[in-house]
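Excluded from the calculations below are hydrogen atoms, water molecules and symmetry mates; all remaining heavy atoms, backbone and side chain alike, are included. Predicted model, so just to flag it, every value in this text is computed and none were measured. Whatever order the structure lists ligands and atoms in, that order sets their numbers, starting from 1.
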Amino acid sequence: MEKRGKMKVLVLGGDGYCGWATALHLSHEGFDVGIVDSFHRRLWDYELGAKTLTPIKTLPERLKVWKEITGKSIDLFIGDITNWNFISSVVNDYKPEAIVHFAEQRSAPYSMIDREHAVFTQVNNVVGTLNVLYAIRDYVPECHLIKLGTMGEYGTPNIDIEEGFIEINHKGRKDILPFPMQPSSIYHLSKLHDSNNIQFAGRVWGIRTTDLHQGIVYGTITPEIEKDLRLINRLDYDDVFGTVLNRFCVQAALGHTLTVYGKGGQTRAMLDIRDTVQCIRLAILNPIEKGHYRVLNQFTESFSINEIAEKVKMAGDKLNINVKIEHLANPRVEKENHYYNPTNTKLIDLGLQPHYLSDSLLDSLLNIAIRYKDKADQSVIMPKVNWRKTYNTRINKLPC
Ligand code: NAD
Ligand code: USQ
């Protein structure tokens with residue numbers, strides 16, 4: 001049953017790509033919103049010598065603009081959720097009814113740089129999520145945790161992918177069990193560890209949780225961000241944090257060849273960022289019962305990398321950009337031709353109205369990339385992190 005009335009929602013990771021768009025959307029929709037962020041992500045950009053193509057403002061500046069144009073305040077809590085004292089006191093003081101958790105290291109290549117980055121990724125993600133679960137258990141046991149997981153937890157099995165669970169008949173007995181998971185990076189594995197911990201917290205402490213297995217997000221514009229250029233969101237195009245469709249659009253705008261890894265038959269679930277924010281709102285408004293763990297597959301369409309490259313090439317043709325596609329040796333270890341048929345009916349049943357990948361969306365993404373292309377640094381485009389070995393090119397050392 002849909003929950004109504006003004007709700008207090010904490011958005012963990014609200015300075016990031018999905019978190020910023022979501023915080024504004026929820027604030028616009030009348031929720032009381034608080035953002036938690038450590039600004040780790042801005043530090044990782046520094047470490048990698050990479051920048052978003054779009055010139056994002058600092059979070060306090062962005063929040064000031066939002067207040068100026070809408071009159072709505074968003075609370076800000078700056079800190080690291082792996083720090084128990086910090087996150088427990090924020091949860092205890094703020095008393096959220098829902099927590100939307102985006103605050104993780106989310107790049108597969110970053111997690112595969114070397115041992116240090118692998119360990120950091122799993123500690124950051126798994127410990128942060130555990131702290132959030134304990135804070136809910138101890139201070140706001142009615143609160144609904146909406147946690148961003150990933151479609152990559154499933155891997156690419158040769159059977160249809162269900163939403164979290166599958167009915168298994170085994171030696172004459174049957175049960176509904178977690179779908180077998182085969183993540184393909186240390187980052188994707190961290191999400192699976194989270195999923196197990198979240199499920200446990202529901203079973204043992206009665207916490208209500210939704211695990212959103214999200215596909216690859218594309219686009220930068222949401223109706224709230226469109227209100228003022230000073231609210232502009234990140235658009236990452238580097239080899240570590242840039243995701244495939246966003247990267248291809250920036251590459252096309254720069255006249256760089258599109259970097260298809262391997263054969264390009266890898267197929268992935270995807271969604272527009274306008275649907276990310278819609279899905280989060282729907283998950284909040286339709287909470288699950290206490291003690292229940294729900295998985296929703298959060299994507300709208302699937303494409304192979306070759307199909308994505310062809311679509312970007314056709315969009316380039318319309319703008320008189322001659323887009324060239326190149327197949328590079330695949331730096332990752334992944335199947336390059338495989339069956340892929342995931343289910344995604346639950347969010348549609350809750351009311352999701354998808355924005356499908358269209359020519360107009362590609363035109364607008366390309367036009368944003370063209371507008372800011374002079375700011376681009378082409379040296380961050382080619383892939384440097386190889387799944388098979390440690391990345392030994394120099395990166396900026398982070399301050400201890
Ligand atoms: P992002 O890197 O842009 O944002 C993550 C934010 O979390 C950053 O602002 C960062 O500073 C913050 N953060 C990280 N660790 C933190 C910590 N320990 N304490 C406090 N803040 C911390 O990432 P995004 O693209 O917005 O992704 C958000 C979430 O959605 C991630 O969990 C990611 O795994 C998931 N997801 C993203 C995509 C995608 O295509 N971008 C797809 C599927 C799932
Ligand atoms: N790829 C290319 N060329 C590129 C970049 C990527 O061919 O220049 C290929 C990769 O080999 C891979 C696919 O595109 O097969 C997707 O790569 P990606 O970097 O766009 O996405 P991925 O590493 O899977 O991670 C992203 C987000 C992550 C999220 C995940 C959703 O960074 O936070 O969890 O998408 S999912 O893929 O469903 O697991």
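Ligand 2 lies nowhere less than 4.0 angstrom from a heavy atom belonging to F299. Note on ligand 1: G79 sits in its first shell, one or more heavy atoms being nearer than 4.0 Å.
Heavy atoms of R247 found under 4.0 angstrom from ligand 2 belong exclusively to the side chain. When heavy-atom distances to ligand 2 are checked against a 4.0 Å cut-off, R106 comes that close through both its backbone and its side chain. Of all the heavy atoms of H188, the ones lying under 4.0 Å from any atom of ligand 2 belong exclusively to the side chain.
Summary of contacts: the protein heavy atom closest to atom 42 (C) of ligand 1 is G215 O, 3.0 Å. At the shortest separation from atom 21 (N) of ligand 1 among protein heavy atoms lies S38 OG, 3.1 Å. Shortest contact from atom 4 (O) of ligand 1 to any protein heavy atom: G16 CA, 3.3 Å.
Below 4.0 Å from some heavy atom of A108 lie the following atoms of ligand 2, by number and element: 23 (O). Less than 4.0 angstrom separates some heavy atom of G152 from each of these atoms of ligand 2: 36 (S), 38 (O), 39 (O). Ligand-side atoms of ligand 1 in range of D15: 9 (O), range being under 4.0 angstrom from any heavy atom. Interface atoms of ligand 1 facing F39, defined by a heavy-atom separation under 4.0 Å, are 11 (O). Within the listing of ligand 1, atoms 17 (C), 18 (N), 19 (N) sit less than 4.0 angstrom from a heavy atom of D80. Using a 4.0 Å cut-off to heavy atoms of G149, the atoms of ligand 1 that qualify are 44 (C). Every atom of ligand 2 with a heavy atom of E334 under 4.0 Å away is listed here by number and element: 10 (C), 11 (O), 12 (C), 15 (O). Per-residue contacts place Y187 under 4.0 angstrom from the following atoms of ligand 1 (heavy atoms of the residue considered): 33 (C), 34 (O). Listed by number with element, the atoms of ligand 1 under 4.0 Å from a non-hydrogen atom of K191 are 31 (C), 32 (O), 33 (C), 34 (O). Using a 4.0 Å cut-off to heavy atoms of Q266, the atoms of ligand 2 that qualify are 11 (O), 15 (O). Set against the non-hydrogen atoms of F102, the atoms of ligand 1 under 4.0 Å away are 5 (C), 7 (O), 28 (C), 29 (C), 30 (O), 31 (C), 32 (O). Atoms of ligand 1 lying under 4.0 Å from any heavy atom of I81, numbered from 1 in the order shown and given with element: 17 (C), 18 (N), 19 (N), 20 (C). Counting the atoms of ligand 2 from 1 in the order shown, those under 4.0 Å from a heavy atom of Q214 are 31 (C), 38 (O). For ligand 2, the atoms lying closer than 4.0 Å to a non-hydrogen atom of I305 are 7 (O), 9 (C), 13 (C), 14 (O). Proximity to Y187 (heavy-atom distance under 4.0 Å) selects the following atoms of ligand 2: 28 (C), 29 (C), 33 (O), 34 (O).
Across H188, R234, Q214, H101, heavy-atom proximity to atom 36 (N) of ligand 1 is greatest for Q214. For atom 22 (P) of ligand 2, the candidate residues are R332, R268, M382; the nearest heavy-atom contact is made by R332.
Under the 6.0 Å cut-off for aromatic ring centres, Y94 and F77 qualify, their centroids lying closer than that.
One finds a salt bridge joining K384 and D239 here, because a Lys/Arg side-chain nitrogen approaches an Asp/Glu carboxylate oxygen to under 4.0 Å.
Remark: K375 NZ is loosely packed, at most 12 non-hydrogen atoms of other residues, nucleotides or ligands lying under 6.0 Å away.
Taking any N or O of Q251, backbone or side chain, none lies under 3.5 Å from an N or O belonging to ligand 2. Not one N or O of V260 is nearer than 3.5 Å to an N or O of ligand 2, by distance alone.
The only member of D160, T267, N158 that meets side chain to side chain donor-acceptor pair (under 3.5 Å) when paired with N341 is D160.
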